[in-house]
Amino acid sequence: MELRQEQERVNRVMKTIAEQINKLENEASRRRKEVVNIRKHFWDEVKVNVDTFDDYLETIINLRQEAQALSISQSSHRHASNRLSTLKRMQEMPYFGRIDFIEEGTSSVERIYIGISTFTDSSGEDFLIYDWRAPISSVYYDYQPGSAKYITPEGAIHGILKKKWQYLIRDGIIQSMFDTSLTIGDEILQQVLGKGTDKHMHNIVATIQQEQNWVIRHDHGRMLIVHGAAGSGKTSAALQRIAYLLYKYRDKLNADQIILFSPNAMFNSYVSNVLPELGEENMQQVTFQEYLDHRLKNEFEVENPYDQLEYVLTTVDNPLYRTRIASIRCKATIHFFEAIQSYRKSLELSGMVFKEVIFKEKTMVTAKQIAEKFYSSGTKLRFHSRLEKLKDWLLKQIGEAEKIEQTQPWVQEEIELLSEEDYHKAYSYLAKKRGLTGEAIHDYEIEPEALERLIVRKKFRPLRKWIQAFGFVNMKEIYKQFFTDQNQIKQWMDSEVLEEWPNICLSTVNMLDEGKLYYEDATSFLLMKELILGFQTNSLIKHILVDEAQDYSPFQFEFLKRLFPSAKMTVLGDFNQAIFAHASEMVDFHTLADLYGPDQTIGINFTRSYRSTKPIVEFTRSLVPDGKRIAVFDRDGEKPVLTQVLNREELHRSIASNVADLRKRQYKTIAIICKSAAESATAYDSLSDIEEMKLVKNGSIEYEQGVVVIPAYLAKGIEFDAVIIYDASAEVYGDESLRRLFYTACTRAMHHLQLYSVGDPTPFLSDVNPEKFALS
C-alpha cells in the first residue's frame, strides 16, 4: 500500500518535471535566439560618432545599453540552461530521501522529500522536493528518529523526527524504499559502492554520512582540517561543501572566488563532474606547480614535484642523494621560511644586488650606482617605499638620457627609415597631442624636435617598462647570495642541517647558474621575491581547498596563507599517504593550527574507509602504523591475492592473463600500479600485448578508463575497480621509507587487489596477518 502510494507520488513529480523541462526548453531556445540576434545586430543599434564630446557621450551610452541588454539575455539563457540541465538529472532520480517531521508547536507531520535541487509545483507554492543543502535537509543526515533540530538564519527550529525513509529510484520507478534509523542505510551505500567506476567522480548527496555532513555544513573559523583514511570520502565531502557554500551564500559567493589546489591535472579531470551534477559552476582548479610555473616561467626552468619524487625513488645510489634529501627536508620547514624572512630583513642594511640599466649596449646606470643610491636614501622609509623611490630616480635618469639621445645620429636614421604608414601614425599622434582635430590636423606641420622626441621615447619604452616592473633588481643573484655566504647563513639556520649545509649551498648555486630551480627552491625563491618587491596577494578569492595536503610543506602553507589573505581554507589529507621526501617535516596536521591559531582552526578525522571492500581494507590498514584506527565498512568481497613469480617473463604472462580475466568480469577501470615512472615505462613496454592499454605520465590531462599503467604517486586521489601491484617485491619495496607509497598504491582498489612479487615479497607484508590475503 505504502509503496503504491509512493510510486503514484513519483509519477506525479515526474510528470511535473517533464512539463517544466518542456517549458524551459522553449524558454532556453527563445533566449538563445535572442542572444544570437543581439550579437548579430549589435553594431546596427550603435552609431559610433566621436566628432564632439556630446556625440562621444551618446555613443558610450548606446554601447552600454546594448551591452547591458546582451548581458541580461546571456544571463537569462545561462540560468535557463543550467536549470534545464538540473531537471534532466532529476528525471533519473527525482529524490533519494524523506523525513517525516513535526515542528515544535504544531501537531501535523510534514513530509520533506530530499533531492539534488529544490523543486516546486507549477504554482511555485508547494515544495515537492527540497534541496539537500536546505537547512531542514540536515535533519536527514544528522539525526535518528526522535528529537531533532535544524539551524536557519532566524535561529534553531526544534521538533520530532518521526521517520526517515530512503529511496532508490531509477527512471521514475521506485526500485527500493525502506524506513531506517541509520544515517544512510547500508543497503543504499552497498549498491552505490558496489558499482563500477567511470572516468569521473560523482556527487554523494544520497549517501552523505553524518561526519561528512558536518564537514559540508561547517561554517566557522578560517581553517577546516579534514584528516581521513584512504577512501573515507574526504574529497567527495569537500566538493559537496563547495556546492553547499555556493548555495548558502549565492548572493555573496560565486565559483570564480573559490580555488581547488589539486595534486595533478588528471585529478582535475576526475573531479570535474561533481559540481555540474549539482547545477553549480566548477570552481577554479589548479595545481601548486602550475601556479609556480605561471609566476616563474620567464625566469627559470622549474622542476616539478613528480620529477623531484622520481629522483628520490630511483637514484638512491647517486653520491649527491644524501645532500638532495637534506635540501628537500630543510627547505620545507617553517624554520627555513623564517630564515628567508630574516635574510630579507638584513637586506635593508646591505646586500641588495642590482642589474645595470643598459640602452643600445651602453650602460646608462651601473649596478654599483643603483646600490649606492638605494642605501644612501636612509632606512627610515619602508623597504618597498625605498625601492619605489629608487625606481622613480631611475626613470628620471632615463628621462635625462632621452634628451641626450635625441642628438645622436641613430635618431635621424630611424626617421629616414620610417614607412609611410608609421610616419602617418606619428603625424596624427603629434597633431592630436597639440589639440588639433578634424580638418585642422591636415594643416599641422610636423616639428622635427617633436618627431625626434617621439622616436626616442618609443625606443626607450621597453626599458621604462622593465624599470617599472623592478627588472633592475637582480633576484637571482640575491637568492644565490643567500647560499654563498657561509658565515652569515649560520645565524639563520638550524644547527642540525649545518653539517650538510655547504653541500646544499653548492648544489643550489649550481642549479641557479644553469637557470634552473629545484622544486624545493621554487616557493622560497618566490617568497623572497614577494618580500622584496611586494606580495601579489589575491583578495578576491574567498575560499581555497587544498587536497592531498600531506604533500605540501609547512613552508608552502605559510605562502598560501599570505597569497590569499581574505580566504578561508579547507585542508584534506591522509598522513599515511605522505610520500614526498619532506614528509618527515610534516609531523601531523595539528601543526597547521598555527597558521590561523587554534581559535580559528577546526579539525575532524574520518576513520571509516568506504572505497574498498572489507577484505581489502583489513589488508591495507595492517600496512601502516595505527592502522587499527581505520574502521571498515562492511562490504563483502574477495581477499587480496599475492602471486610470487620467478622472473619477469612469468610476471608479464601472469599479469596479461589476469587482465583478460578482469575484463571478462566487466571491470571498467584496471590499474597496473608501479613504484615510479621509470618502472611504469618498463612495465608498459613489457606488457605491450595487452590491447588498448594506456601509459599514464606526469602531465596526462584526462583520467582514462580501461587498463592503465601508472606510477603510484599519480594514482593518488583516484580509485579503480581493480588494482594490480606490478612488483611488490623486497627488491622494489624494501626500504621503510616506501611504506606509505606502497600503502597508497594498494588503497586505490575498490573491488579487487592483486599483488605480484618477483622473488621475495616486500617486508611490509610481514606486518599483515597471513589470513588477510591469499597466495596463488
Quiz item: Do the side-chain N and O atoms of H751 and R635 include a donor-acceptor pair separated by under 3.5 angstrom?
Solution: yes
Self-check item: Worked verdict on I328 versus V312 for side chain to side chain contact (heavy atoms under 4.5 Å, CB included)
Solution: CA-CA 10 Å; I328 293 169; V312 171; 4.0 Å; yes
Quiz item: Quick one: does S612's side chain get under 4.5 Å of M750's, heavy atoms only?
Solution: no
Quiz item: Taking all non-hydrogen atoms of both residues, which atom of V215 and which atom of R241 are closest, and how far apart?
Solution: O-NH1, 3.1 Å
Self-check item: Within-4.5 Å side-chain heavy-atom neighbours: I151 and S138
Solution: no
Quiz prompt | Aromatic ring pairing F96/Y141, orientation class (parallel under 30°, perpendicular over 60°, tilted between) | solution = tilted
Quiz prompt | L526 side, atom CG; L292 side, atom CG - distance, nearest 0.5 Å | solution = 6.5 Å
Practice problem: Mind checking the CZ-OG spacing from R89 to S117? Nearest 0.5 Å is all I need. | Solution: 9.0 Å
Quiz item: Do Q341 and F336 touch side chain to side chain, with heavy atoms closer than 4.5 Å?
Solution: no
Quiz prompt | Side-chain heavy-atom pair I630, V617 within 4.5 angstrom cut-off | solution = yes
Exercise. Kindly indicate whether the side chain of R217, heavy atoms from C-beta on, has any atom under 4.5 Å from the side chain of S137.
Key: yes
Exercise. Report the distance from atom CG of D594 to atom CD1 of I334, rounding to the nearest 0.5 Å.
Key: 8.0 Å
Self-check item: Where A549 and V571 come nearest, the two heavy atoms and their spacing
Solution: CB-CG1, 3.2 Å
Quiz item: Considering all heavy atoms of both residues, which atom of P711 and which atom of V696 are nearest to each other, and what is their separation?
Solution: CD-O, 3.5 Å
Exercise. For the pair H218 and H220, name the ring-plane relationship: parallel under 30°, tilted 30 to 60°, perpendicular over 60°.
Key: perpendicular
Self-check item: Within 45° cone and under 6.0 Å: K639 NZ/CZ vs F619 ring
Solution: no
Quiz item: Looking only at heavy atoms, which two atoms of A255 and L246 are closest? And how far apart?
Solution: N-CD2, 3.6 Å
Quiz item: Taking the inter-plane angle between the rings of F337 and F555 on a 0 to 90° scale, is it parallel (under 30°), tilted (30 to 60°) or perpendicular (over 60°)?
Solution: perpendicular
Quiz item: Roughly how far, to the nearest 0.5 Å, is the CG atom of D547 from the NZ atom of K716?
Solution: 9.5 Å
Practice problem: Look at the side chain of D721 and the backbone N and O of K668, then say whether any donor-acceptor pair between them is shorter than 3.5 Å. | Solution: yes
Exercise. Using distance alone, with no hydrogens and no angle criterion, decide if E638 and H752 have a side-chain donor and acceptor under 3.5 Å apart.
Key: yes
Quiz item: Heavy atoms, side chains only, cut-off 4.5 Å: are D636 and T613 in contact?
Solution: no
Quiz item: Between E558 and Q556, does a side chain to side chain donor-acceptor pair (under 3.5 Å) hold up when you go through it step by step?
Solution: CA-CA 5 Å; E558 286 283 350; Q556 289 169 328; over 6 Å; no
Exercise. Please answer whether the main-chain N or O of D131 pairs with a side-chain N or O of T118 as donor and acceptor at a distance below 3.5 Å.
Key: yes
Quiz item: Yes or no on side chain to side chain contact (heavy atoms under 4.5 Å, CB included) for T747 and V723, after CA distance, side-chain angles and deciding distance?
Solution: CA-CA 9 Å; T747 55; V723 163; over 6 Å; no
Quiz item: Going through the checks in order, is the side chain to side chain contact (heavy atoms under 4.5 Å, CB included) test met by T152 and Y150?
Solution: CA-CA 7 Å; T152 72; Y150 60 95; 3.5 Å; yes
Practice problem: For side chain to side chain donor-acceptor pair (under 3.5 Å), just list the numbers for E520 and Q308, CA-CA rounded to whole Å, side-chain angles, deciding distance to a tenth of an Å, and then say yes or no. | Solution: CA-CA 9 Å; E520 62 266 27; Q308 182 201 74; 2.9 Å; yes
Quiz item: Hey, are E530 and Q536 close enough side-chain-wise for a donor-acceptor pair under 3.5 Å?
Solution: no
Exercise. Could you tell me whether the side chains of Q577 and D574 share a donor-acceptor contact shorter than 3.5 Å?
Key: yes
Practice problem: Give a yes or no on whether K542 atom NZ has more than 12 heavy-atom contacts from other residues, nucleotides or ligands under 6.0 Å away. | Solution: yes
Quiz item: Is a side-chain donor or acceptor of S236 paired with a backbone partner of G233 at a separation under 3.5 angstrom?
Solution: no
Quiz item: Is a side-chain donor or acceptor of R295 paired with a backbone partner of Y291 at a separation under 3.5 angstrom?
Solution: no
Exercise. Identify the two heavy atoms, one from E310 and one from S676, that lie closest to each other, and give their separation to 0.1 Å.
Key: OE2-CB, 3.2 Å
Exercise. Show your working on side chain to side chain contact (heavy atoms under 4.5 Å, CB included) between W214 and L224 and close with a plain yes or no.
Key: CA-CA 11 Å; W214 186 90; L224 174 62; 3.8 Å; yes
Quiz item: Is there a donor-acceptor pair under 3.5 Å between the side chain of E303 and the backbone N or O of Y519?
Solution: yes
Quiz prompt | Sidechain-backbone polar pair: Q240 side chain, I216 backbone, donor-acceptor under 3.5 Å | solution = no
Quiz prompt | E736 and R739 ion-paired at < 4.0 Å | solution = yes
Exercise. Please state whether the rings of F559 and F535 are parallel, tilted or perpendicular, taking 30° and 60° as the class boundaries.
Key: tilted
Exercise. Scan side-chain atoms only and decide if Q210 and Y143 contain a donor-acceptor pair under the 3.5 Å cut-off.
Key: no
Practice problem: Would you check if there is a donor-acceptor pair between the side chains of D735 and S737 at a distance under 3.5 Å? | Solution: yes
Quiz item: For the residue pair Y552 and F557, does the interplanar ring angle fall in the parallel (under 30°), tilted (30 to 60°) or perpendicular (over 60°) class?
Solution: tilted
Exercise. Verify the distance criterion only: is there a donor paired with an acceptor across the side chains of R329 and T333 at less than 3.5 Å?
Key: no
Quiz item: Are the side chain of K164 and the backbone N or O of Y140 linked by a donor-acceptor pair below 3.5 Å?
Solution: yes
Quiz item: Nearest 0.5 Å, what's the OG-NE2 distance between S232 and H227?
Solution: 9.0 Å
Practice problem: Using modelled atom types only, decide if a donor and an acceptor are shared between the side chain of T601 and the backbone of P598 within a distance under 3.5 Å. | Solution: no
Quiz item: Is the cationic atom of R740 (NZ for Lys, CZ for Arg) positioned less than 6.0 Å from the six-membered ring centroid of F742 and within 45 degrees of its normal?
Solution: no
Quiz item: Is there side-chain contact between L313 and L738, with at least one heavy-atom pair below 4.5 Å?
Solution: yes
Quiz item: Relative to Y311, does R324 satisfy both conditions: NZ or CZ under 6.0 angstrom from the six-membered ring centre, and within 45 degrees of the ring's axis?
Solution: yes
Practice problem: Considering non-hydrogen atoms only, spot the tightest contact between L545 and I258 and give its length. | Solution: CD1-CG2, 4.1 Å
Quiz item: Quick one: OH on Y743 to CG on L623, what's the gap to the nearest 0.5 Å?
Solution: 8.5 Å
Exercise. I would like to know whether R748 and T744 meet side chain to side chain donor-acceptor pair (under 3.5 Å); could you show each step before the answer?
Key: CA-CA 7 Å; R748 300 307 95 200; T744 300; 5.6 Å; no
Self-check item: pair T570-H543: side-chain heavy atoms closer than 4.5 Å
Solution: yes
Quiz item: Counting only N and O atoms by type, is there a donor-acceptor contact under 3.5 Å from the side chain of K234 to the main-chain atoms of G228?
Solution: yes
Practice problem: Measure from the side-chain N and O atoms of T537 to the backbone N and O of F564, and report whether any donor-acceptor pair falls under 3.5 Å. | Solution: no
Practice problem: Return each pair, listed once, that meets salt bridge (charged side-chain N to carboxylate O under 4.0 Å, His left out) where at least one residue sits in residues 616-629; pairs must be two or more places apart or across chains. | Solution: E618-K772
Quiz item: Is it the case that N264 and N698 place a side-chain donor and acceptor less than 3.5 Å from each other?
Solution: no
Exercise. Run the ring-centre check on F525 versus F300 and record whether the distance is less than 6.0 Å.
Key: yes
Self-check item: Pairing of K675 and D727 as salt bridge, 4.0 angstrom limit
Solution: no
